[in-house]
Structure formats: structure tokens, C-alpha cells
Trainee: 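For reference, the structure I am asking about is given below.
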Amino acid sequence: MTVRSYTHFINGRFDGASTDFVERKAPATGETVATFASGTQDDMDRAVQAAREAFDKGPWPQMSGMERAEILNRYADLVKANFDKLVQIEIEEVGKPIRFARGDVSGVVGLIRYAASLAMQMVGSTYTNLGANKTALLMREPIGVVALVTPWNFPALILAQKVPFALAAGCTAVVKPSEFTSGSALELAALAVEAGVPAGVFNVVSGKGSVVGKTLTEHPGVDFISFTGSTRVGQEVMQASSKNVVKTSLELGGKSANMVFADANLDDAVDGALMGVFFNNGECCVSGSRLFVQNSIADEFIARVTERSKKLKVGDPFDEDTDIGAMIDPKHHGKVLEYIDSGVAEGAKLLAGGGAASGAGHFVQATIFDHVQPTMKIFQEEIFGPVLSITRFETMEEVIELANDSPYGLSNYVWSKNIDTVMNVAKRLKSGWVQANTVIDGAPQLPLTGVKGSGYGYEMGQAGFEEFTQLKTLFIHTGPRTPVFGR
Ligand SMILES: NC(=O)c1ccc[n+]([C@@H]2O[C@H](COP(=O)([O-])OP(=O)(O)OC[C@H]3O[C@@H](n4cnc5c(N)ncnc54)[C@H](O)[C@@H]3O)[C@@H](O)[C@H]2O)c1
């Protein structure tokens, strides 16, 4: 197996300055698949400086939207041309099954194309009703140098939820990818330059969050921070941003409810229950890891979900038939197993799985608990693995209360053929996103956001694009002015 060896990507090229490298072992095999430079404060300073100069001196921010769109579309073509390589990197470094890695890279292409269209939609507004001789222009401008910190579960996809939108707005960026999965970020930066993005516009520094992540989010050269990761680190990023009073957007953890009413299309809902929790190994912020089933259908529905879960294939992520790959690293693997033990210890009923799955990698069996109570850890905490917690309910009131009983508020799902049920539940759920009769769905046009412990700010969509812009108000007085002083 070839080991990919990466340095940082600063000012339009791979940077020769690093001497310290860390090995990335594939979670599914334990083999070394890549080495990443272990960044220092100095590396991060150089990257921010490159982005600062590229922003202040141009030409990227001054280009027309049409020019930026053209380059971004060329970038999308290049990502497509490198599809297989990027898919391989995501499988090897993350341990996710091939069909989901393919979905991620297709998603990257779509996000870049959509962002390209937004480059031509950078519109402000005009007020003409302010009184005689007065007009105001609200001019939309790029926010500046942006710090983008990404997690390991969707390394390419989450990067593409940020970078193309920032670039479309005319910003310049420094990316700090996860230290586990930096390969795709570095490849994507190099492809952007190949597509015509000028040097210094898109920089990547790999390394530890506590070193380069911290340096980046505290850096005085940064104008906006967009962070995706855990709620705990999100809190640290908030503190870091206060140092220079920098605007932030935080996309944090989740513990979504997947609610199945008796009148739902039950075939679809069974599939949605499995997809909700086992997609991307369960390492998914919008995972529907709490399943709520209405009492009248519960026994049969839960039996069907359990039976199907036992047929899932856990193992080699390169195998087309694999449903669940490997957990990201041994520590996280151990944490997921501890949650499973806590579910048993706290009295939930184990229906399927319940431990590690065999193989050389960090595999976990598809695990299902029934009769989970809101007081249990597996109900409240984000497990980030293939572990489903099921709770039964009787009424709509009860399930809304159960769903909202969470420190998080990212996404929720409701299954019912009754539009009244869907609307009534959706309106009362405390989450940034609700999906009806589907699960973990989305499109580049639709903004993702959280409430409560899931963060704030928007990613994707027009709202996500506007995060990378700011409004400058130009108030213009024309014609004679009535004196205020010295009349
Ligand atoms: N809301 C969303 O859209 C979304 C999407 C994906 C993942 N997530 C969340 O991400 C988490 C899993 O990812 P993770 O384990 O990589 O998260 P994490 O918070 O441990 O790390 C995220 C990133 O922050 C960096 N980091 C760590 N300490 C830092 C510091 N002090 N300052 C700046 N950066 C620092 C890490 O190196 C990494 O690049 C889960 O909680 C998941 O729900 C959220």
C-alpha cells in the first residue's frame, strides 16, 4: 500500500518547512495510510499571513462574481476528475463504507457548483424611502480572512460546506482539518489552485487542535471563524474568538429524535430508522440515534428494525456490501463500547449487537436498545457510533416532550402520513432542522443550523453564504442640506 505523505498547503503550494510528521493508521486495518505534518504556531502564522495578503492585496476579492464562479466551476470539474482518489482517501482515513464515501465526494462537487452560482448573487439592497435627498446602500462585502475548523467524520464534505461558500463571497481561508483525516483537505486545496484559485486564497495547516486549532481561532489576523465539531471544543472556540471579538459560526453535536407515528408508511420508516442511526457508522452529527415509536405499532416495528439490523454487514469499508465500517480510532471505539455497557448497566433492554465486532479494525456491532429512559446516558449523550436507543410513546404531546428533552437541537425526524401531525410536531421541536418522512437528507440550497448545545450560525444555502459576508451601509445625502448648527 502506498503511504500518502503531506505537508501543509500554504500560499498556493505544499510547504517544505515541516520536520515533524504523524502517521495516520487506517481505522479498518491498522495500516499506515498517510503522514501529516504536525503543525506549529509558526506554520499557522505563515498560513494566516498568506491569507491576509491574498485578501488585502487581491485579486480574489476584487474579481467579479462571474470570474470567481468560472474558477469554482472549473474546480468542481477537477474534483470530479479526481473522484476515485478522494473516495479512497475518505475510506482509508475515516473507515467509512465505500458507498457513503462516494456520496460524500459527489456532495462536494454539488456544493462547489452551488457556491459558484452564489458568487453571482452577492446582492445588497437600497433604501429610497429615508426622506428627501437621502438614499442608503447596504453593500454586501466579503468578511475577510476566514478560519475554518473541520471534524473527522465527513472531512471532504464538511470542508465543502464551508470553503466554496467562503471563496464565492471573495474571502480567503485557512483550514484546520482534523488531525485524523487531513488528506482530502490538502488534496482539495491543491485542486483549487490547479483550477485557478490564486495562491494564498485557500490554505491548509494540519496538526493538533490544541496547537494549530487554538492558534488559528485566537489569531488576530482572522475575521470570522466557522467551526464544526464537538460542543466541548465549540465552547473553547467561543472563548478564543472573544480575544479579538471575532464573529463565529458553530456547528456542534447532536442527539436527534426519529419519531414514528402509527399512521406512517412503516416500510419507509423501518428503513429510515436504520439509516438514521447506522449511516456513516453512526459517526454523524445528525444521526437519528433516539428512535421513538408509538405504542400501538411498537412491538412489530421494533422487531422489524431489529431483525434487519442483524443482517447488516460490519467490516471492510472497501467492500461494496459493507453497511458499517470502523470507528475513527481506538479511543473512540472504547468510548462507544463504554456507552453500550452503560446502557446495559442502567437497565435498557439490549435487542441486538452489544459489543465489538470481529476484525483487525475498530469495529462495533449494530446495537439496539429498547425501553430506554430519558435519565439514561445513552438517551442524553452523543455516542457517535452504531447504537440505537428506542423509547416508546403514546401521544403527540409526550413524544414532543421526549424529543426536546436533550441538551442538543440539531435535527429531528418525524414519520407520519398526516400533514397535521407533521406540522404540529415540527413547529414545536427545538432544533434547527426537521425532516418529515425522510432522514439525513439535504441539499446545498438548504441551510444547516443548530439551537441549544448544537450551536448557531448557518452552513450552506443562501444563509450559509451570507455568513461569509458583511453589510456596509453607505448613507448618501444629495442636494442642498438644511443647516443644523449655526443657523
Ligand atoms: N453540526 C454539524 O454540522 C456537525 C457535523 C459533523 C460533526 N459534528 C460534531 O463533531 C464532533 C465529532 O468531530 P470531532 O471529534 O473531530 O470534534 P472535535 O471537536 O474533537 O474536533 C473538531 C476540530 O476541532 C479541532 N480542535 C480541537 N481542539 C481545538 C481547540 N482548542 N481549538 C480549535 N480547534 C480545536 C480538532 O483538531 C478538529 O479539527 C461530534 O460532536 C459531531 O456531532 C457536527
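Read the numbers this way: they start at 1 and go in the same order the structure lists the ligands and their atoms. Starting from 1, each residue takes its place in the sequence as its number. This is a predicted model, so every value here is computed, not measured.
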Trainee: Please check if any side-chain donor atom of E23 sits under 3.5 Å from a side-chain acceptor atom of T32, or the reverse.
Mentor: yes

Trainee: State, with a plain yes or no, whether a side-chain heavy atom of V33 is found less than 4.5 Å away from one of K25.
Mentor: no

Trainee: Please report which non-hydrogen protein atom sits nearest to atom 4 (C) of ligand 1, along with the residue it belongs to and the distance in Å to one decimal place.
Mentor: C285 SG, 3.1 Å

Trainee: Centre of F379's six-membered ring, under 6.0 Å away, within 45 degrees of the axis: is that where NZ or CZ of R290 sits?
Mentor: yes

Trainee: What verdict does the ring-ring contact (aromatic ring centres under 6.0 Å, His included) test give for W415 and F292, after you've listed the backbone C-alpha separation in whole Å, the side-chain angles of each residue and the deciding distance to 0.1 Å?
Mentor: CA-CA 10 Å; W415 299 82; F292 297 98; over 10 Å; no

Trainee: May I ask you to list the atoms of ligand 1 that are less than 4.0 angstrom from any heavy atom of P151?
Mentor: 6 (C), 7 (C), 13 (O), 14 (P), 16 (O)

Trainee: Quick one about Q235 and Q239 (side-chain donor to acceptor, distance below 3.5 Å, no hydrogens or angles considered), yes or no?
Mentor: no

Trainee: Please confirm whether F227 comes under 4.0 Å of ligand 1, counting heavy atoms of the residue only.
Mentor: yes

Trainee: Considering only the protein, which heavy-atom contact is closest to atom 19 (O) of ligand 1, and what is its distance?
Mentor: S230 OG, 2.6 Å

Trainee: Which residue and non-hydrogen atom of the protein lie closest to atom 34 (N) of ligand 1, and at what distance in Å?
Mentor: G213 CA, 3.6 Å

Trainee: Is the contact between I158 and ligand 1 made by the side chain, the backbone, both, or neither, using heavy atoms and a 4.0 Å cut-off?
Mentor: side chain

Trainee: Within a distance under 4.0 Å of any heavy atom of E179, pick out the atoms of ligand 1 and give their elements.
Mentor: 36 (C), 37 (O)

Trainee: Consider side chain to side chain contact (heavy atoms under 4.5 Å, CB included). Of D104, I98, N82, which one does V87 pass it with?
Mentor: I98

Trainee: Please find out if less than 6.0 Å separates the ring center of F21 from that of F36.
Mentor: no

Trainee: Which one holds for L252 and ligand 1: side chain close, backbone close, both close, or neither close, with close meaning a heavy atom under 4.0 Å?
Mentor: backbone

Trainee: Just which atoms of ligand 1 are under 4.0 Å from any heavy atom in K214?
Mentor: 32 (N), 33 (C)

Trainee: Considering E236, E218, Q235, which one's heavy-atom position lies nearest to atom 31 (N) of ligand 1?
Mentor: E236

Trainee: Students should be able to answer this: which protein heavy-atom is nearest to atom 25 (C) of ligand 1, and at what distance?
Mentor: V149 CG1, 3.7 Å

Trainee: For atom 27 (C) of ligand 1, tell me which residue out of G209, P177, G453, S287 has the closest non-hydrogen atom.
Mentor: G209

Trainee: When you measure from atom 16 (O) of ligand 1 to every protein heavy atom, which one gives the shortest distance, and what is it?
Mentor: W152 CD1, 3.0 Å

Trainee: Of the choices V233, T228, L448, which has the non-hydrogen atom that lies closest to atom 22 (C) of ligand 1?
Mentor: T228

Trainee: Which class fits the ring pair Y6 and F14: parallel under 30°, tilted 30 to 60°, perpendicular over 60°?
Mentor: tilted

Trainee: Looking only at distances, can you tell me whether any N or O atom of N153, backbone or side chain, sits closer than 3.5 Å to an N or O atom of ligand 1?
Mentor: no

Trainee: Which residue and non-hydrogen atom of the protein lie closest to atom 38 (C) of ligand 1, and at what distance in Å?
Mentor: T150 O, 3.4 Å

Trainee: Under a 4.0 Å threshold between the charged nitrogen and the carboxylate oxygen, would R140 count as salt-bridged to E466?
Mentor: yes

Trainee: For residues W152 and F384, establish whether the separation of their ring centroids is below 6.0 Å.
Mentor: yes

Trainee: Distance to the ring centre below 6.0 angstrom and angle to the axis at most 45 degrees; does that hold for K452 and Y408?
Mentor: no

Trainee: Would you mind running through ligand 1 and noting each atom that sits below 4.0 Å from a heavy atom of L410?
Mentor: 1 (N)

Trainee: Indicate, as side chain, backbone, both or neither, the part of E251 found under 4.0 angstrom from ligand 1 when only non-hydrogen atoms are considered.
Mentor: both

Trainee: What residue and atom, counting heavy atoms only, is the protein's closest point to atom 9 (C) of ligand 1, and at what distance?
Mentor: G229 O, 3.2 Å

Trainee: When you measure from atom 12 (C) of ligand 1 to every protein heavy atom, which one gives the shortest distance, and what is it?
Mentor: F384 CE2, 3.6 Å

Trainee: Just heavy atoms, cut-off under 4.0 Å: does E382 contact ligand 1 by side chain, backbone, both, or neither?
Mentor: side chain

Trainee: For a side chain to side chain contact (heavy atoms under 4.5 Å, CB included) with N153, tell me which candidate from T181, N281, V94, I158 qualifies.
Mentor: I158

Trainee: Salt bridge check: are D323 and R99 linked by an N-O gap of less than 4.0 Å?
Mentor: yes

